[in-house]
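A short worksheet on the structure shown next.
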Amino acid sequence: APSNAVLNELRNGDLIEVTYFLLDPGTDGAGGYAEGEYLTVTGVVAKLEPAFHSFRVSMDDTWVDLVFEDIHAIQKL
């Protein structure tokens, strides 16, 4: 997990690279501890919501909403 210092310094408009865990609920929808994959994206921080421990990463024509708990690694670029 990344250090809180990096997360605490995030600001809207920051260019970041973030690796996060995307849970794959599988065909039964039950989920599981090991089902999923790590994805890495590069984009701009948008909709930063510190109170909810979440933010959006905006990329060219798409975005992903992340919660701090799912982040494996993050760095400002």
Side-chain angles (χ1 to χ4, degrees):
S3 72
N4 283 338
V6 174
L7 295 174
N8 289 338
E9 292 174 5
L10 282 183
R11 299 291 179 264
N12 284 320
D14 285 349
L15 181 62
I16 60 166
E17 180 180 88
V18 60
T19 301
Y20 64 97
F21 185 75
L22 178 64
L23 182 67
D24 179 358
T27 56
D28 62 0
Y33 295 111
E35 296 181 43
E37 60 185 330
Y38 285 94
L39 300 175
T40 300
V41 296
T42 300
V44 175
V45 175
K47 292 183 69 170
L48 182 60
E49 299 279 357
F52 298 103
H53 299 268
S54 67
F55 63 94
R56 174 171 287 176
V57 179
S58 180
M59 295 156 283
D60 288 334
D61 55 357
T62 189
W63 70 86
V64 62
D65 289 323
L66 299 176
V67 293
F68 292 177
E69 293 77 23
D70 291 342
I71 296 172
H72 175 71
I74 186 170
Q75 67 178 4
K76 288 185 180 185
L77 301 177

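The first residue in the sequence is number 1, and the count goes up from there.
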Within a reach of under 6.0 Å around NZ of K47, are more than 12 heavy atoms found that belong to other residues, nucleotides or ligands? no
For residues D14 and E9, report the shortest heavy-atom separation together with the two atoms involved. OD2-O, 3.8 Å
Quick one: are Y20 and L39 in side-chain contact, heavy atoms under 4.5 Å? yes
Would you please name every residue forming a side-chain hydrogen bond (donor to acceptor under 3.5 Å, both in side chains) with D65, sequence neighbours left out? R56
Answer yes if Y38 and L23 sit in the same cluster of Ile, Leu, Val, Met, Phe, Trp and Tyr residues linked by side chain heavy atoms under 4.5 Å apart, and no otherwise. yes
Do V18 and I71 have side-chain heavy atoms sitting under 4.5 Å apart? yes
Would you indicate whether the side-chain heavy atoms of L77 and I16 approach each other to under 4.5 Å? no
Anything under 30° is parallel, anything over 60° is perpendicular, the rest tilted; go ahead and classify H53 against F68. perpendicular
Taking side-chain hydrogen bond (donor to acceptor under 3.5 Å, both in side chains) as the test, write out the residues that go with T19, two or more places apart. T40
Mind checking whether M59 and V64 have side chains closer than 4.5 Å, heavy atoms only? yes
Identify whether I74 and L22 are in the same connected component of the hydrophobic contact network (ILVMFWY, side-chain heavy atoms under 4.5 Å). yes
Yes or no on side chain to side chain contact (heavy atoms under 4.5 Å, CB included) for V57 and W63, after CA distance, side-chain angles and deciding distance? CA-CA 6 Å; V57 179; W63 70 86; over 6 Å; no
Roughly how far apart are F21 CZ and E69 CD, rounded to 0.5 Å? 14.0 Å
Would V44 and L48 show up in the same hydrophobic cluster when neighbours are defined by side-chain heavy atoms closer than 4.5 Å? no
